[in-house]
Amino acid sequence: MSAVPSKVVRKKLVHEAVLDKIDREHLSINTDKVRARLQTNREHVHGNMLRKCLDQWERIIADNDIDTVRKISVSDTETDREMRNMSPLSVLLSESERLRVLDLLVERTRE
């Protein structure tokens, strides 16, 4: 059995935290803040696959497609791992929420 890199676990935990917050607070993902982060990501990306991920995020955000975000969050395909890596949704978390994700990551790596 191979070990899962901590970055993969961290990105998955961030997505879970974002989805929990979206559900708890009935948030939209189609916000100025999320679209700004998507644009920032786009400015720093090179390569076709990564651009395709950002194009897909743009559609997901425009459609406020939470169901697709849920599918990306639980899937372990290479494409969905890249989608999590390129996700602009972490801006929905506060600093304290991000720190809780890091604490959870530390706990999981000790197991």
Side-chain angles (χ1 to χ4, degrees):
M1 180 188 293
S2 64
V4 178
S6 62
K7 179 182 178 181
V8 171
V9 175
R10 180 174 45 85
K11 291 293 187 173
K12 205 161 194 171
L13 290 172
V14 166
H15 252 256
E16 289 172 9
V18 167
L19 283 168
D20 287 346
K21 185 171 185 172
I22 287 168
D23 289 342
R24 189 175 60 253
E25 299 180 15
H26 308 285
L27 298 177
S28 171
I29 60 173
N30 190 0
T31 67
D32 292 341
K33 198 173 183 180
V34 172
R35 287 190 305 274
R37 173 56 64 91
L38 179 64
Q39 183 57 39
T40 299
N41 290 355
R42 200 176 279 287
E43 291 167 3
H44 294 96
V45 161
H46 305 287
N48 261 352
M49 181 177 179
L50 298 180
R51 282 192 207 108
K52 286 179 184 177
C53 287
L54 292 175
D55 291 345
Q56 187 173 351
W57 272 117
E58 194 167 337
R59 287 187 298 276
I60 291 166
I61 292 163
D63 295 341
N64 201 47
D65 188 354
I66 305 301
D67 289 334
T68 297
V69 176
R70 286 183 211 293
K71 290 174 188 167
I72 291 167
S73 183
V74 297
S75 174
D76 259 342
T77 67
E78 182 179 345
T79 299
D80 287 328
R81 283 192 302 270
E82 283 304 322
M83 288 294 289
R84 286 192 298 270
N85 287 339
M86 301 305 299
S87 175
L89 300 182
S90 63
V91 298
L92 295 174
L93 297 177
S94 67
E95 186 64 24
S96 64
E97 290 166 326
R98 283 195 266 295
L99 290 173
R100 274 188 291 234
V101 168
L102 293 176
D103 288 342
L104 190 55
L105 177 63
V106 168
E107 286 175 24
R108 291 217 179 153
T109 56
R110 289 183 183 160
E111 294 175 353

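Keep in mind it's a predicted model, so treat the numbers as computed, not measured.
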Enter the distance from Leu19:CG to Ile29:CD1 here, rounded to the nearest 0.5 Å. 9.0 Å
Salt bridge between Lys71 and Asp65, side-chain N to carboxylate O under 4.0 Å? no
Would you check if the side chain of Asn41 reaches a backbone N or O of Met86 as a donor-acceptor pair within less than 3.5 Å? yes
Between CG of Leu93 and NZ of Lys21, what distance do you get to the nearest 0.5 Å? 6.0 Å
Nearest 0.5 angstrom please: Leu27 CG to Leu92 CG, how far? 6.0 Å
Between Leu102 and Arg10, is any pair of side-chain heavy atoms under 4.5 Å apart? yes
Checking Arg37 side chain against Leu89 main chain: does a donor-acceptor pair fall under 3.5 Å? no
To the nearest 0.5 Å, how far apart are NE2 in His44 and CG in Leu50? 13.5 Å
So, do Lys7 and Lys11 sit near enough that their side-chain heavy atoms are less than 4.5 Å apart? yes
If only atom types and distance count, is the side chain of Arg98 paired as donor or acceptor with the main-chain N or O of Ser90 below 3.5 Å? yes
Going through the distances and angles, do Val91 and Thr31 end up as a side chain to side chain contact (heavy atoms under 4.5 Å, CB included)? CA-CA 10 Å; Val91 298; Thr31 67; 5.8 Å; no
Within-4.5 Å side-chain heavy-atom neighbours: Thr68 and Trp57: no
With no hydrogens and no angle check, do the side chains of Ser94 and Ser96 hold a donor and an acceptor under 3.5 Å apart? yes
Kindly check if the number of other-residue, nucleotide or ligand heavy atoms within 6.0 Å of CD (Glu78) is above 12? no
Could you grab the distance from atom CG of Leu104 to atom CG of Leu99, nearest 0.5 Å is fine? 12.5 Å
I'd like to check the side chain to side chain contact (heavy atoms under 4.5 Å, CB included) partners of Asp55; sequence neighbours left out, ordered by chain and number. Arg42, Arg59
To the nearest 0.5 Å, tell me how far Glu58 CD sits from Arg35 CZ. 10.0 Å
Would you confirm whether Ser87, through its side chain, and Met83, through its main-chain N or O, come within 3.5 Å as a donor-acceptor pair? no
What residues form a salt bridge (Lys or Arg N to Asp or Glu O under 4.0 Å) with Lys12, not counting sequence neighbours? Asp76
Counting C-beta onward and ignoring hydrogens, is there a side-chain heavy-atom pair between Val45 and Arg51 closer than 4.5 Å? yes
Just by modelled atom types, is the Ser75 backbone N or O under 3.5 Å from a matching donor or acceptor in the Arg84 side chain? yes
Smallest heavy-atom separation, Pro88 atom then Val34 atom, equals CB-O, 3.7 Å
For Asn30 and Ala62, which heavy atoms make the closest approach, and how far apart are they? ND2-O, 3.4 Å
